[in-house]
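Counting convention: from 1, in listed order, for ligands and their atoms alike. If you read the sequence from its start, that first residue is 1, and numbering goes on from there.
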Amino acid sequence: MALEIYKEAFAIAAAAAFRESYPDIHREVGDAEVFQRQFVYAALEKPKDPRMGRFALPVFKFAKLLKESPPAIVGRVAPVIDRHLRAMTPPSPVHCTGTGAFLNAGIDSASLLKQALGAILDSAVAYGASSIGSGKTVLVEYSSPNIAKPFGVGHLRSTVIGNSLRRIFKKLGYNVVGINYPGDWGTQFGKMIVAYRLWSTPETLRGDVVANLLELYVRFHTEAEKHPELEDQARAAFKSLESAEPEAVRLWEEFKQISHAEFDRIYGILGVEFDLVYGESFLNDKMEAVISRLEKDGLTSMSRGALVVELDDPNLPPALLKKQDGATLYLTRDLAGAFWRWAEYRFDLSLYVVGSSQADHFRQMLKVLELLEQKEQLPDMERLSSRIKHVDFGWIKFGDKSMSTRRGNIIILEDVLDRAVALVKQRIMEKNPDLAEIDKTASIIGVGAVIFTQLSARRQRDVNFVWEDVLNFDGETGPYLQYTHARLCSLERNYNKPVGSDIDFSLLDHEEEIRVVEALLEFPAIVADAAAQYEPYYVSSYLLRLAAAFNKVYQRKDEAGRIDKIISDNAELSAARMALVKAVRTVLKEGLYLLGLGAPEEM
Ligand code: ARG
C-alpha cells in the first residue's frame, strides 16, 4: 500500500513491454528478473515537474543497447507499457505516457487517494505496521549508565536511539527485548567504599544523593594523590566485595539502589522503557566458562602476564581476557553476556546501542566470536558474530558550558531536561496562558525537544546541542512537529464532525494535496528502512518532510491570493480535506511515538 506497489507494477509492465518490443534485449542485458529490478525499478526517478508523472524511467542508457534514439524508444514502448498495465487484474491505476526521453508514469489520482487515505483511516495507528518480524527476536541494548555516577548527557543518545529502535522493531512485528546493562562492577566500587567509609556523613544520603556520591568519588582521587595508600585500601575493599563480605556488599547494594532510583526517575521523565535490566555484575560467575572455552579452543595466549586472544587483525590490539592481577575485564564480560543472551533468547539480531568511542571494543568482541566459531566449526545457525551489531553513534557537542558547572565537567541530563521544560513553559505562558494543562504540555514539549535533537541527524554524525535551535518551534525540531500535530487536532476540533467514509477523494486535486498523500504512502517503507539500518533518523526526517508538505496545504492560497481554508462552506470539499487532515495527524502522532515523543493535542 505504498508508492512502491505502483513502481513495482510499472516495472513489471515495462519489462514485459521491452521484451515484446525488442525480442533480443535479454541477449544484451541478461536475466529478465535482473532487467526488471536493476534496469527498470532501480532506475525510476521522481520528475522535477510533477505534471510529468509520479515517477519516470529515463531511457538514455538503452539507446546504445537498442541502437535507437531515446525518443524513438519511448515512442515505441510507452503504448505497450500502458497496454500491459491495463491488462493487469485489477487494472493498475498507473498510466504510462512518453515525453522526450522519459517514460512517465502517472497514477490515476482518485484511486490513489482512495486507496491511500482509506488504508490510513481504516488502520489508524496500525498504519505502517507489518508482520515481517513475526517469529523473530531482536535484542536492543541501550542506555547502560554507570552506577554511582550521575546520569550525564553522555548516556542520553544511546537511551533515545535504543528506545526508538525498540518501538520501531515492535511495530514491524518483531519480538523485541529492550535491555539496560548498567555498569555496576569494577575497581571504582572499591574506591567508593573507601571514600564512603571515610567521609560520608548523614548529609550524604540527603538531597541530591548521587551528586554527593560523586563528590566522595572525586575527593578520593584528590586525596589519593597525597596519600597513595588509599589506592591499596580501595583494592582491598574491592577484593572484599568480590569475596562477598557482607559489609562491602551492603554498601554496594546501597549505591546501586540510590543510582537506580535516580535512573528510574529519569526514564520516567523521558518515557523510556526496558524489558530487562541487569548489571555487569550479573555476569561475574559466567565469565570463567567463556575463558575455558577459549582456552580449550587454543585461542588464548599470555602477553605480559595477561591472558589474551590474538586477533590476526593489524588494526586491533589483542583482546584482553584477564589481567595479571586476575581481575577480569569489560570484554570478557561482554563475551559472557553474548552467550548468556543467546542461551536465553536465541535471538535473530542483537543490537548494542553504544557510542562510536567503543567501536574497537565491539570489533574485538566480534573478532573473538568469529575465531571461536571458526575453530569450533559451528554451523551458521549457531554463529552469534553475524547476529550481533554495534549500533554506534557520534558525540553530543554541548555549546552551553553553563550546564556543566554543578558537578565537575559532567553535564547532568536532568538539568538539561528541567531547563528545556522551564523555557517551554515560559513560552506557553506568554503565548497561550489559558492552555488547560500547562505543566504537562510544557513537559511533553521540553522533553520531546531534547529527545528529538538526538535523532535529528544520522546517528553516526555528531550532534550540536544549541538551545535556540532545540526549542525553535519553526525549525527542524520536535516542537515543530508537535505544533503541527496540535494544529491538526485543532482543525478537527473546529470541524467537530466525524470524518465520514463516503468521501469524494477526487476533490483533493491540488498539487500540494497530492504531495501530502505521496508522503503518507511512504511511511511504511520508512519504518521498515529505519529498522533495517537501525536508524530512527529516517523517521525523524520523514516526519519533517510530511509536516512541511502539510503546511503547504494549510497555507495554500487560491487564485485571488486568499488562504484556501481547509474547512469552508463547501461541505464535500471540507470532508475530503478533513480526511487528509486526519490521516496526516494519525501518521504524525504514530511517527512521534516511534521516536519516543509525545503529541499533545493542544499547545
Ligand atoms: N556502561 C558502559 C559505559 O557507560 C556502557 C555499556 C555498553 N554496553 C555493553 N554491552 N558493553 O561506557
Checking a contact table here: which protein heavy atom is nearest [atom], and how many Å away?
| atom | answer |
| --- | --- |
| atom 6 (C) of ligand 1 | Y330 OH, 3.2 Å |
| atom 8 (N) of ligand 1 | E141 OE2, 2.8 Å |
| atom 12 (O) of ligand 1 | Q358 NE2, 3.0 Å |

Does ligand 1 come near enough to [X] that some N or O of the ligand is less than 3.5 Å from an N or O of the residue?
| X | value |
| --- | --- |
| D334 | yes |
| N146 | yes |
| S144 | yes |
| H155 | yes |

Practice task
Output, in order, the C-alpha distance, side-chain angles, deciding distance and verdict of ring-ring contact (aromatic ring centres under 6.0 Å, His included) for Y267 and F274.
Solution key: CA-CA 9 Å; Y267 296 138; F274 302 93; 4.8 Å; yes
Ligand-residue contact atoms, ligand 1 with [X], heavy atoms, under 4.0 Å:
| X | value |
| --- | --- |
| Y352 | 10 (N) |
| V354 | 7 (C), 8 (N) |
| Y181 | 8 (N), 9 (C), 10 (N) |

If the threshold is 4.0 Å, N to carboxylate O, is there a salt bridge linking [X] and [Y]?
| X | Y | value |
| --- | --- | --- |
| K425 | D439 | yes |
| D313 | R363 | no |
| R219 | E215 | no |
| E376 | R383 | no |

Please tabulate, for the side chains in residues 343-351, all donor-acceptor contacts under 3.5 angstrom to protein atoms that are two or more places apart in sequence or on a different chain.
| unit_1 | atom_1 | unit_2 | atom_2 | d |
| --- | --- | --- | --- | --- |
| D348 | OD2 | T137 | N | 2.9 |

Handout entry: side-chain contact (heavy atoms from CB on, under 4.5 Å) between E476 and S456, intermediate numbers included
Key = CA-CA 8 Å; E476 305 207 320; S456 60; over 6 Å; no
Practice task
To the nearest 0.5 angstrom, please state how far the CD atom of E262 sits from the CD1 atom of I147.
Solution key: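 So the gap between those two atoms works out to 10.0 Å.
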Practice task
Tell me which part of Y142 gets within contact of ligand 1: side chain, backbone, both or neither, using heavy atoms under 4.0 Å.
Solution key: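 Answer for Y142: neither.
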